[in-house]
Chemist: 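Before I ask anything, here is the structure I am working with.
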Amino acid sequence: MNDSSQAAAALATGEASGFIRQMIARDLARGKHAGRVHTRFPPEPNGHLHIGHAKSICLNFGIAEEYGGHCNLRFDDTNPLKESQEFVDAIKQSIRWLGFRWHGEVRYSSSYFAQLHEFARQLIGKGKAYVCALSPEQIREYRGSLTEPGTPSPWRDREARESLALFERMRAGEFADGALSLRARIDMASPNINMRDPVLYRIRHAAHHQTGTQWPIYPTYDYTHCISDALENITHSLCTLEFEDHRPLYDWILANLDLDSLSEASSLGDSAAPFVLPEQTEFAKLRLSYTLLGKRFLRALVEGGKVDGWDDPRMPTLAGMRRRGYTPGAIRNFCEAVGVARAESVVDIAMLEHAIREDLDHNAPRAMCVLRPLKVVLDNFPAERRQVLRLARHPKRPELGEREVPLTRELWIESDDFSESPPAGFKRLVAGGEVRLRGAYVIRCHEVLRDESGGIRELRCCVDFDTLGKRPEGRKVKGVIHWVAADEAKPVELRLYDRLFLHENPAPKSVAEVFGELNPDSFERLENCMLEPAALDGGEHFQFERVGYFVRDRAAVGNGAAVFNRTIHLRDSWGAVR
RNA sequence: UGGGGUGUCGCCAAGUGGUAAGGCACAAGGUUUUGAUCCUUGCAUUCGUUGGUUCGAAUCCAGCCACCCCAGCCA
């Protein structure tokens, strides 16, 4: 792709941009990992991927591509209580949809359980871990506080032999959940709370989506992640800022394990590359204005029925964005534009909107669709006549071909495009005025017909037949409006989506607060919209001219009519003026 | 009040001692049979702040201020 070739060029000239790429370029220059770059994307299968994850995916997979390395997909599945196969499937699909391919097979932390168990025995044997009988509440009390050191567990100096035996009995399922835990023996007085003898293993009599009921004990994230990275020969373990305080623990665990045994267990096999420990580097996670990415809140929206599932087009999930009409290319470009840094920031959602408009402007074929139809009768256009116009699918890309658009005596136009009391600057149709029918003739409105209640029923217009593909003589017609032949239009349902939150920076403390901040107009259903017939034949993404970008939603059914979701409206400087 | 971080244009973000990239947003023009796109132009004498070092500082040093993260047997 163009992006990666640009990146490659930048690298070749020593212009790696951003602190992570610079670090990697530096590592490579020093031969730190024998020229290898191996990253991983490690989601926990406890929810759906969202735009924030896309940033991490683009970073990890992108770096692997740029440096000729690899990126693993590894499910960090050490907590069976919260995880499920449904989520692993959805996550894999979203990553593939984004256009990334992981290296080799999908990995699971759970597939390392046996090795993890063995390494734990090693730590115990070295006096670096012990089985503790403190309850979870007691462990919390013994841990101390941010300003006070912790106090050692009474089990801290338990004999290694005894701990080993207890650990085996834990593994055999002899104890109840929470009765015992395996803890690292580090420093109860450390100013870094993560180093105050963190729990390495806990008892959980729970079935796991990958390993079933084989294990009644499960390793914790801190213990699992670093070893999994090492086993997969990850060179650069990239994660978000909140794990920064965990880095000393990440390093401690690897440093206290026997390097040779780690190396042997790793997947480097008989490769000539030397075994090198992975290193963790943190970056700021993505935040977006008018958007909430917290899993807890997203879940609440779904379960509270505020949206129509995880793939509701208003959701910032990749599944939702896909249904909304976002494209992988747009999302990747967006992630590229956002950059990767350590400063916590909130990206303006306008950047995301720009990315999708840019993509769709270039790629989406054009069509005409009238959202709120107003009847127009062309008095001087013969009733039996059907003129077929051939219009470009894309104004700037003739290679995309043409479509046939029928013109007949009766049309639908947008009711917004006619005004009896036009505001200053109004360029559309007015009584007695002229306007161009997009791709067709200039018409003049000479009569407004009303219904009993005084509303506008239809417009009577006449066509200037000397204006097809040319300007009218002696006057200029500024306005251009979209239209559809009444008899041939396809009634469709349009679903208009807007941002879910009213506040630029929604910062709810509770789920109730989230519900209070929702935009009541985030969804509008328009039935009986009139679409030009050719647009139903194929294609997913369209620009409905003068309106916005829409995507066909084949999963949705709306009264038998085709359904289109509005991805994003066109920029509208006229709307902005009003 | 312990520890770990971060502060460069309205929003992101380059920059790593030699005199402030780029994108988004915004504004003003131009082109246009989409009030779209596209094109042009403008948009930080200044890098949280105060001092210091230096011929020279966003970049080095010190103090101060603001904000974020950490006391799950979650990840």
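Throughout, a chain's letter reflects where its sequence line sits, starting with A, and its residues are numbered from 1.
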Chemist: Can you figure out which of B:U37, B:U1, B:G35 approaches the side chain of A:Asp361 most closely?
Modeler: B:U37
Chemist: Of the options B:C12, B:A71, B:U34, whose atoms approach the side-chain atoms of A:Arg546 most closely?
Modeler: B:U34
Chemist: How many Å lie between CG on A:Asp245 and P on B:G72, as a whole number?
Modeler: 14 Å
Chemist: With a 4.5 Å heavy-atom cut-off, do A:Asn333 and A:Asp359 have their side chains touching?
Modeler: no
Chemist: From the list B:G4, B:A75, B:C24, which nucleotide is the closest neighbour of the side chain of A:Glu244?
Modeler: B:G4
Chemist: Report yes or no: do A:Asp229 and A:Tyr250 form a side-chain donor-acceptor pair below 3.5 Å?
Modeler: yes
Chemist: Nearest 0.5 Å, please: how far is NZ in A:Lys55 from OG1 in A:Thr240?
Modeler: 9.5 Å
Chemist: Consider the side chain of A:Asp348, meaning its heavy atoms from C-beta on, and name the nucleotide among B:U34, B:A75, B:C11 that approaches it most closely.
Modeler: B:C11
Chemist: Starting at CZ of A:Arg156, measure out to OG of A:Ser163 and round the result to the nearest 0.5 Å.
Modeler: 12.0 Å
Chemist: What's the closest nucleotide to the side chain of A:Trp574 if the choices are B:C70, B:A25, B:G35?
Modeler: B:G35
Chemist: Find out whether the Lys NZ or Arg CZ of A:Arg438 is both under 6.0 angstrom from the six-membered ring centre of A:Trp483 and within 45° of the ring's axis.
Modeler: no
Chemist: Could you pull out the protein-nucleic contacts involving nucleotides 19-23 of chain B (nitrogen or oxygen on both sides, under 3.5 Å)?
Modeler:
none

Chemist: Does the side chain of A:Ser345 get closer than 4.0 angstrom to OP1 or OP2 of B:A13 through an N or O atom?
Modeler: yes
Chemist: Does B:G15 have OP1 or OP2 under 4.0 Å away from a side-chain N or O of A:Gln22?
Modeler: yes
